[in-house]
Amino acid sequence: MLSAGFGKPDQDGITRVSNVKLTVASAQFDEQQALFVAEIVERIKLKLQEGGVEQDQLEDLTASIALSIAGIIDDVAGVEVEGVEVHPYLTFRTESDELIHCGENANTYEHVYGAMRKLFPA
């Protein structure tokens, strides 16, 4: 189990993070979110290229996969596994004891288009 730099898991494998600050920082969160999405989109494109996807399909497949992942991260895709609903909530670590968030679900979906424009200029 990863501790994300907040301490070590106890005997049950649970990491206690009682001293972590959860801060609403919308502008900083949005900047981090855009960088995060750009990296995801770039890695998707790279892996598709490594897999031999033809150039004429590369942009559509990259966008399709990125938007699908963004829908999961943003909690709009409706993830349920064996009757258990999964509701992600994106945060970013800024300090060893601070997480930032935007006060609601992420909107990574909106950043996919900007990342796509940079990777696939018209």
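FYI, side chains are in, hydrogens and waters are out, and symmetry mates aren't considered; it's all heavy atoms of this structure. These numbers were taken from a predicted model, which means no experiment stands behind them.
A side-chain hydrogen bond (donor to acceptor under 3.5 Å, both in side chains) check over residues 72-87, counting only residues at least two apart or in different chains, returns the pairs Asp74-Thr108, Asp75-His87, Glu85-His87. For residues 37-46, every residue pair satisfying the salt bridge (charged side-chain N to carboxylate O under 4.0 Å, His left out) rule, not counting sequence neighbours, is listed here: Glu39-Arg43. Contacts classified as ring-ring contact (aromatic ring centres under 6.0 Å, His included) and involving residues 63-86 (residues at least two apart or in different chains) are not found. For residues 56-83, no pair satisfies ring-ring contact (aromatic ring centres under 6.0 Å, His included), with sequence neighbours left out. Sequence neighbours left out, not one pair with a member in residues 48-81 passes ring-ring contact (aromatic ring centres under 6.0 Å, His included).
Cluster membership for Val86 and Ile72, using ILVMFWY side-chain heavy atoms within less than 4.5 angstrom, is shared. Cluster annotation: Val37 is connected to Ile69 through the hydrophobic network of ILVMFWY side chains, with a link wherever side-chain heavy atoms come within less than 4.5 Å.
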Verdict with reasoning, Thr23 to His101, per side-chain contact (heavy atoms from CB on, under 4.5 Å) = CA-CA 6 Å; Thr23 305; His101 65 110; 5.7 Å; no
List, one per line, each side-chain donor-acceptor pair under 3.5 Å for residues 111-122, sequence neighbours excluded.
| residue | atom | partner | partner atom | Å |
| --- | --- | --- | --- | --- |
| His111 | NE2 | Asp30 | OD1 | 2.9 |
| His111 | NE2 | Gln33 | NE2 | 3.4 |

Listing, residues 48-67 side-chain donor-acceptor contacts under 3.5 Å, not counting sequence neighbours, or none:
| residue | atom | partner | partner atom | Å |
| --- | --- | --- | --- | --- |
| Glu50 | OE1 | Lys47 | NZ | 3.2 |
| Thr62 | OG1 | Leu58 | O | 2.7 |

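Clustering of Ile, Leu, Val, Met, Phe, Trp and Tyr side chains at separations under 4.5 Å leaves Leu35 isolated, with no partner residue. Hydrophobic clustering, defined by side-chain heavy atoms of Ile, Leu, Val, Met, Phe, Trp and Tyr closer than 4.5 Å, leaves Val76 isolated from every other such residue.
In this structure, Thr91 and Leu22 have side chains that are in contact, with non-hydrogen atoms separated by less than 4.5 Å.
Listed by chain and number, the residues in a side-chain contact (heavy atoms from CB on, under 4.5 Å) with Ser68 amount to none (sequence neighbours excluded). With sequence neighbours left out, Phe29 forms a ring pair (Phe, Tyr, Trp, His ring centres under 6.0 Å) with Phe92. Ser26 meets the side chain to side chain donor-acceptor pair (under 3.5 Å) test with no other residue; sequence neighbours excluded.
Between the CD1 atom of Ile73 and the CZ atom of Phe36 there is a distance of 4.5 Å, given to the nearest 0.5 Å.
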